[in-house]
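Heads up, the thing below is written out as structure tokens.
Quick caveat, the model's predicted, so the values are computed rather than measured. Numbering of residues begins at 1 and proceeds along the displayed sequence.
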Amino acid sequence: MTVGIKDVARVANVSTATVSRVLGGRNVDEAMRDRVLAAVRSTGYRPNLAARRLRSRHTNTIGLVVADIRNPFFTAVSRVIENLAYARGLRVILCNTDEDPVREAMYLQLMQDERVTGVILAPTRQGLAKLAKTKPDYPMILIDRTTPGIAHDCVVLDNAAMAAMLVEHLHARGFRRIAGLFGASSSTGEERRTGFEAAARRLGLEAEAIAVPHGDGEVARIVADRLARPDRPEALVASNGLALMAVLRTLHGLGLSVPGDMALAGFDNEGWMDLVGGGLSVIEQPVEEIGRTAMTMLIDRLDHADAAVRKVVLAGRLIARGSSEPLTPSLSSTVPGA
């Protein structure tokens, strides 16, 4: 015998409207939601998705579109969002654009075709430009990246301030020649570059900000080329965890130690980072808060479609470790083979 929504409502002792709200991911009292989800499990209820799509413009599915799933930040945020969605009875379609605006556009069209309830998106720079001119027919929350004047709720890090904090930290440790590597394909990289350059000017440092194209091997190529020059920096800053790992691997390949030959600092705090020498100095992003805020914004937007657009800016935390200790030059002060 087929189990229907009325059976779930009877077991949970609630109305069918309440069951629909829970299954649709809408705001419901937590105890009530738990009762309904327990009834769903005990009855074995399975919604007829095809029929639901015919009756409604949307489903109980959200889209999560990230820029690079290899980036530890996006991996961590995706896990937070998926856990929160699961707790609300929502399914998640996860897509990775690899910083490609063509793929991004394709996946956003997929979300529309699937009639998703809403989308959480980390947009490319080109995607941001499009979003400033068009509006999808589903709620969209931006994470990590935004641009002034855009009509979408967003939650971002205070990127310029956090990059400046790294520069100030390195300056306080005695470093005067600093190079920073910043992603060329995202607004986040641009904002961190702006903060880096502003802090360097204020402190009177010899600083160089380098734009890094997205792609395998780009960080290694740029670092190796830069360090082959005689005026190599004393410290390097990487603007995300993926780049930080690539820089460290490149330095090791060149026979350079951290921090003996080169100081190193960056963004994102991963479990392996305190295992490298005396550990890597980083800005730790509030991943849990970013994911939780994005989900809350999405649910609020579903319930209050005409509310004012919100922008939440969060602060990170500096974790100072051994990689930014003052230099102790090795016997060789040049890159091997240079």
| request: Just do the side chain to side chain contact (heavy atoms under 4.5 Å, CB included) check on Met111 and Ile93 with the steps written out, would you? | output: CA-CA 8 Å; Met111 300 305 166; Ile93 299 176; 3.9 Å; yes
| query | Would you call Glu82 and Leu64 a side-chain contact if the rule is heavy atoms closer than 4.5 Å? | reply | no
| Do you know which two heavy atoms are closest between Pro213 and Ile222, and how far apart they sit? | CD-CD1, 4.0 Å
| Got a second to check how far Met295's CE is from Ile143's CD1, nearest 0.5 Å? | 12.0 Å
| task | Find out whether Val80 and Ile290 are in side-chain contact, i.e. whether some heavy atom of one side chain is under 4.5 Å from a heavy atom of the other. | result | no
| Electrostatic pair Glu234:Arg176 at N-O distance under 4.0 angstrom | no
Sequence neighbours excluded and cut-off under 3.5 Å, please list the side-chain donor-acceptor pairs for residues 34-43, or say none.
unit_1, atom_1, unit_2, atom_2, d
Arg35, NE, Ala12, O, 3.0
Arg35, NH2, Ala12, O, 3.0
Arg35, NH2, Asn13, O, 3.2
Ser42, OG, Ala38, O, 3.3
Ser42, OG, Ala39, O, 3.1
Thr43, OG1, Ala39, O, 2.8
Thr43, OG1, Val40, O, 3.3
Thr43, OG1, Tyr45, N, 3.3

| message | Just verifying a value: how many Å separate Leu254 CG and Met262 CE, rounded to the nearest 0.5 Å? | response | 9.0 Å
| field | Any donor-acceptor N or O pair under 3.5 Å, side chains Ser15, Thr18 | value | yes
| message | Could you see if Val77 belongs to whatever hydrophobic cluster contains Leu314? Use Ile, Leu, Val, Met, Phe, Trp, Tyr and a side-chain cutoff under 4.5 Å. | response | yes
| query | Does the Thr75 side chain pair with the main chain of Ile69, one donor and one acceptor, at a distance under 3.5 Å? | reply | yes
| query | If we only count heavy atoms from C-beta on, is the Pro139 to Leu298 side-chain gap below 4.5 Å? | reply | yes
| Pair Arg177 + Glu208, salt bridge at N-O below 4.0 Å | no
| Do Met32 and Val11 share a hydrophobic cluster, counting only Ile, Leu, Val, Met, Phe, Trp and Tyr and linking them when any side-chain heavy atoms are less than 4.5 Å apart? | no
| query | Mind checking whether Val116 and Leu110 have side chains closer than 4.5 Å, heavy atoms only? | reply | no
| said: Just so I know, are the side chains of Leu256 and Leu227 near enough to count as touching, which here means a heavy-atom distance under 4.5 Å? | reply: yes
| message | So, taking the atom named CE in Met245 and the one named CG in Leu280, what distance separates them when rounded to the nearest 0.5 Å? | response | 9.5 Å
| message | Taking transitive links into account, so neighbours of neighbours count too, which hydrophobic residues share a cluster with Val156 at under 4.5 Å side-chain distance? | response | Val313
| Heavy atoms, side chains only, cut-off 4.5 Å: are Leu108 and Pro136 in contact? | no
| query | Listed by chain and number, what are the side chain to side chain donor-acceptor pair (under 3.5 Å) partners of Thr146, not counting sequence neighbours? | reply | none
| Does Arg301 come within less than 4.0 Å of Asp153, counting only side-chain N to carboxylate O? | yes
| request: Please name the pair of heavy atoms, one in Val219 and one in Ala243, separated by the smallest distance, quoted to 0.1 Å. | output: CG1-O, 3.9 Å
| query | Does some side-chain heavy atom of Phe73 sit less than 4.5 Å from a side-chain heavy atom of Asp144? | reply | yes
| task | Take Met140 and Val65 through the side chain to side chain contact (heavy atoms under 4.5 Å, CB included) test and state the conclusion after the steps. | result | CA-CA 11 Å; Met140 178 180 288; Val65 184; over 6 Å; no
| Between Asp268 and Gly241, is there a donor-acceptor pair closer than 3.5 Å when you use the side chain of the first and the backbone of the second? | yes
| Going through the distances and angles, do Gln285 and Arg317 end up as a side chain to side chain contact (heavy atoms under 4.5 Å, CB included)? | CA-CA 7 Å; Gln285 300 197 64; Arg317 179 171 69 104; over 6 Å; no
| request: For the pair Arg226 and Asp231, evaluate salt bridge (Lys or Arg N to Asp or Glu O under 4.0 Å) and give the outcome as yes or no after the intermediate values. | output: CA-CA 9 Å; Arg226 179 61 188 84; Asp231 61 336; 3.4 Å; yes
| field | Heavy atoms from other residues, nucleotides or ligands near CZ of Arg79 exceed 12 (cutoff 6.0 Å) | value | no
| field | Shortest non-hydrogen contact from Ser185 toward His214 | value | OG-CB, 3.8 Å
| Do you know the tightest heavy-atom contact between Ala163 and Arg192? | CB-O, 3.2 Å
| field | Hphob cluster co-occupancy, Leu181 + Met273, side-chain heavy atoms under 4.5 angstrom | value | yes
| request: Following the transitive rule for hydrophobic clusters with a side-chain heavy-atom cut-off under 4.5 Å over Ile, Leu, Val, Met, Phe, Trp and Tyr, establish whether Val155 and Ile299 coincide in one cluster. | output: yes
| note | For Arg70 and Asp98 the tightest heavy-atom approach is NH2-OD1, 4.1 Å
| request: Give the minimum heavy-atom separation between Gly316 and Leu157, together with the two atoms involved. | output: N-CD1, 3.6 Å
| query | Given the rule in the side-chain hydrogen bond (donor to acceptor under 3.5 Å, both in side chains) test, do Ser324 and Arg173 qualify, once you have shown the distances and angles that lead to the verdict? | reply | CA-CA 7 Å; Ser324 55; Arg173 292 284 179 95; 3.2 Å; yes
| Can a cation-pi geometry be assigned to Arg115 and Tyr138, taking NZ or CZ under 6.0 Å from the six-membered ring centre and within 45° of the ring axis? | no
| side chain to side chain contact (heavy atoms under 4.5 Å, CB included) between Thr97 and Tyr107, worked out | CA-CA 8 Å; Thr97 68; Tyr107 287 136; 4.3 Å; yes
| Contact check, side chains of Leu128 and Ser187, non-hydrogen atoms, under 4.5 Å | yes
| query | Should the pair Glu99-Arg145 be classified as a salt bridge under the 4.0 Å nitrogen-to-oxygen rule? | reply | yes
| task | Supply the atom-to-atom distance Leu142 CG to Met297 CE, rounded to the nearest 0.5 angstrom. | result | 9.5 Å
| query | Run the side-chain hydrogen bond (donor to acceptor under 3.5 Å, both in side chains) check on Arg193 and Asn159 step by step: do they pass? | reply | CA-CA 9 Å; Arg193 175 175 181 164; Asn159 289 300; over 6 Å; no
| Do Glu218 and Arg221 sit within salt-bridge range, that is, some charged N less than 4.0 Å from a carboxylate O? | yes
| request: With rounding to the nearest 0.5 Å, note down the distance linking CD1 in Ile319 to NE2 in His169. | output: 11.0 Å
| request: Output yes when a side-chain donor or acceptor of Asp7 lies under 3.5 Å from a complementary backbone atom of Val3, and no otherwise. | output: no
| message | Let me confirm one number: the CG-CD1 distance from Leu170 to Ile178, rounded to the nearest 0.5 Å. | response | 4.5 Å
| message | Count I, L, V, M, F, W, Y as connected when their side-chain heavy atoms are under 4.5 Å apart, and connections chain through other members. Are Val167 and Phe175 then in the same cluster? | response | yes
| Between Glu104 and Lys130, does at least one N-O distance fall below 4.0 Å, as a salt bridge requires? | no
| query | Okay, side chain of Arg88, backbone of Val22: is any donor-acceptor separation there less than 3.5 Å? | reply | no
| Is a donor on one side and an acceptor on the other found under 3.5 Å between the side chain of Thr61 and the backbone of Val92? | no
